[in-house]
Novice: 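One structure follows; several queries about it will come next.
Numbers for residues simply follow the sequence, beginning at 1.
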Amino acid sequence: MGLGQYDVAKIAIGRALRQSPNDLASLLNMGYLHLLEGNTKEAVVWLTKAVRVDPKRAEGYYFLGYCAELDGRARSAEKAYRKAADLDDENPSYPRALGSLYVNQGRYTQAIE
């Protein structure tokens, strides 16, 4: 994925998922791959599967939030970013994403918090 070879990545991740359909890393990677391709609807499908497999991992919620933000669904983005931040309070990316969303909405007091 990092080299922009999305077709090759899709094949590799697909093979991994055929071997282990509930592998969290593969589900997250497939969602992220679709996000990189600009296909948020397909990304949401894979990321939703990932959070069902492990609802305690923040990454899936973070990427779901990003998809929602790209699709103009601010409430869904806020909810997902907040969930990610609550699950992993050590990762500064999650509250930063939430703060950025608030800034974009003109909610500066909440962004500062």
Side-chain angles (χ1 to χ4, degrees):
M1 284 188 295
L3 297 174
Q5 296 181 357
Y6 302 142
D7 291 339
V8 175
K10 200 173 288 181
I11 291 168
I13 298 167
R15 285 181 185 161
L17 286 168
R18 281 191 294 283
Q19 298 256 333
S20 183
N22 290 326
D23 179 68
L24 182 63
S26 297
L27 292 168
L28 289 169
N29 279 321
M30 189 63 91
Y32 184 59
L33 173 63
H34 285 289
L35 186 56
L36 290 173
E37 292 179 318
N39 186 348
T40 56
K41 290 185 185 356
E42 190 64 24
V44 166
V45 169
W46 291 100
L47 296 167
T48 300
K49 288 179 186 181
V51 298
R52 284 186 184 138
V53 167
D54 190 348
K56 302 257 189 232
R57 289 283 298 271
E59 297 97 325
Y61 295 102
Y62 171 74
F63 287 122
L64 282 170
Y66 189 60
C67 288
E69 188 172 2
L70 289 174
D71 289 341
R73 296 178 293 115
R75 277 194 194 162
S76 295
E78 179 180 4
K79 182 178 175 184
Y81 287 152
R82 186 171 298 284
K83 179 75 171 177
D86 289 345
L87 287 171
D88 184 358
D89 60 4
E90 297 292 317
N91 189 328
S93 296
Y94 306 143
R96 187 179 303 127
L98 184 58
S100 178
L101 177 69
Y102 289 149
V103 167
N104 291 336
Q105 296 176 326
R107 297 164 62 183
Y108 302 113
T109 302
Q110 287 176 294
I112 291 168
E113 291 172 8

Novice: Quick one: ring pair (Phe, Tyr, Trp, His ring centres under 6.0 Å) partners of Tyr32, sequence neighbours excluded?
Specialist: Phe63
Novice: Return the NZ to CG distance between Lys56 and Leu24, rounded to the nearest 0.5 Å.
Specialist: 14.0 Å
Novice: Testing the basics here: between Ser76 and Ala68, what is the closest heavy-atom pair and its distance to 0.1 Å?
Specialist: CB-CB, 3.8 Å
Novice: Verify side chain to side chain contact (heavy atoms under 4.5 Å, CB included) between Leu17 and Trp46, making sure each step is shown before the conclusion.
Specialist: CA-CA 11 Å; Leu17 286 168; Trp46 291 100; 3.4 Å; yes
Novice: Do the non-hydrogen side-chain atoms of His34 and Lys10 ever get within less than 4.5 Å of each other?
Specialist: yes
Novice: Please report the closest heavy-atom contact between Leu47 and Cys67, naming both atoms and the distance.
Specialist: CD1-SG, 4.0 Å
Novice: Do Tyr81 and Tyr62 have side chains that approach each other closer than 4.5 Å (heavy atoms only, starting at C-beta)?
Specialist: yes
Novice: Please give me the minimum heavy-atom distance between Ala111 and Val103, naming the atom from each residue.
Specialist: CB-CG2, 3.5 Å
Novice: Which heavy atom of Leu101 sits nearest to which heavy atom of Ala74, and what is that distance?
Specialist: CD2-O, 3.8 Å
Novice: Does any donor atom in the side chain of Ser26 or Asp23 lie under 3.5 Å from an acceptor atom in the other side chain?
Specialist: yes
Novice: Just to verify, which of Leu27, Leu64, Val53 counts as forming a side chain to side chain contact (heavy atoms under 4.5 Å, CB included) with Thr48?
Specialist: Leu64
Novice: Which distance, rounded to the nearest 0.5 Å, do you find between the OH of Tyr6 and the CD of Glu37?
Specialist: 7.5 Å
Novice: Please check if the side chain of Tyr61 supplies one atom and the backbone of Pro55 the other of a donor-acceptor pair under 3.5 Å.
Specialist: yes
Novice: Less than 4.5 Å apart, side chain to side chain, heavy atoms only: is that true for Glu69 and Glu78?
Specialist: no
